[in-house]
Amino acid sequence: MNIFRLCGDMTHLLSVVVLLLKIHTIKSCAGISLKTQELYALVFATRYLDIFTHHVSLYNTVMKIIFLGTSFTIVWYMRHHKVVRQTYDKEQDTFKHYMLIIPCFALALLIKTKFTPLEVLWTFSIYLEAVAIFPQLVLLQRTKNIDNLTGNYVFLLGAYRGLYLLNWIVRYFTEKGYRQWITWISGIVQTALYADFFYYYIKCWRNNEKLHLPS
Amino acid sequence: TMFVRRHDEL
């Protein structure tokens, strides 16, 4: 495992910590898209089906359990916690799940490495993760006052994807025969979706302004 | 081992 992969995973973990801090400590999920969080829970549930059948490493297993557990916890908080759920911007978070799920599933049936349930669902999760941030980006654009935790959460998620790109470049040059086109192309698409957000995040940070996106 | 290698990322 190279440094970029480790930093990517840690950034991903940190993004979850930031989000849980906002939800659990401040008891608010204002500006957070439940649609995106539900899509992430689906991503992890379909990707980590191999958790008990194929052992990669203790590190991988522990991280998988953490991502599965936290993603479902976040969804539970936003849907059922009596204080947190009242801070959810339901009227603004209008993106439809099926508009992302159906095309991703169709694509996974068409473009995959093997036609087995585990492989198709794994491929589906890769495609879905690439676009799962979409409802969150739409909600951010509609939010007038984006708080620091929400802005930092999305920034950390984008940084995690950027670090994975660097990890793939290192792996390509150091591991013989290492290629994974499905993951690479999806990863590039996923990172590109953050480009606009990054631009405004850095611009506002440099000007010492509160984060706001042009609508 | 092929499976494990292709799915060794999170």
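The model shown is predicted, which means the values in this text are computed figures rather than measured ones. Note on naming: letters A, B, ... go to the chains in the order of the sequence lines (proteins, then strands), and numbering restarts at 1 for each one.
More than 12 heavy atoms of other residues, nucleotides or ligands lie within 6.0 Å of CZ in A/Phe95, so this atom counts as buried by the packing criterion. More than 12 heavy atoms of other residues, nucleotides or ligands lie within 6.0 Å of CZ in A/Phe198, so this atom counts as buried by the packing criterion. Around CE of A/Met10, the count of heavy atoms belonging to other residues, nucleotides or ligands within 6.0 Å exceeds 12.
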Can you pull out all donor-acceptor pairs below 3.5 Å that join chain B and chain A?
unit_1  : atom_1 : unit_2   : atom_2 : d
B/Arg5  : NH2    : A/Lys176 : O      : 3.4
B/Arg6  : NH1    : A/Thr113 : OG1    : 3.3
B/Arg6  : NH1    : A/Glu119 : OE1    : 3.4
B/Arg6  : NH2    : A/Glu119 : OE2    : 2.9
B/His7  : ND1    : A/Trp122 : NE1    : 2.8
B/His7  : NE2    : A/Glu119 : OE2    : 3.2
B/Asp8  : O      : A/Arg5   : NH1    : 3.2
B/Asp8  : O      : A/Asn60  : ND2    : 3.2
B/Asp8  : OD1    : A/Arg171 : NH1    : 3.1
B/Asp8  : OD2    : A/Arg171 : NH2    : 2.9
B/Glu9  : OE1    : A/Trp168 : NE1    : 2.9
B/Glu9  : OE1    : A/Gln180 : NE2    : 3.1
B/Glu9  : OE2    : A/Asn167 : ND2    : 3.0
B/Glu9  : OE2    : A/Trp168 : NE1    : 3.2
B/Glu9  : OE2    : A/Arg171 : NH1    : 2.9
B/Leu10 : N      : A/Tyr164 : OH     : 3.4
B/Leu10 : O      : A/Arg47  : NH1    : 3.2

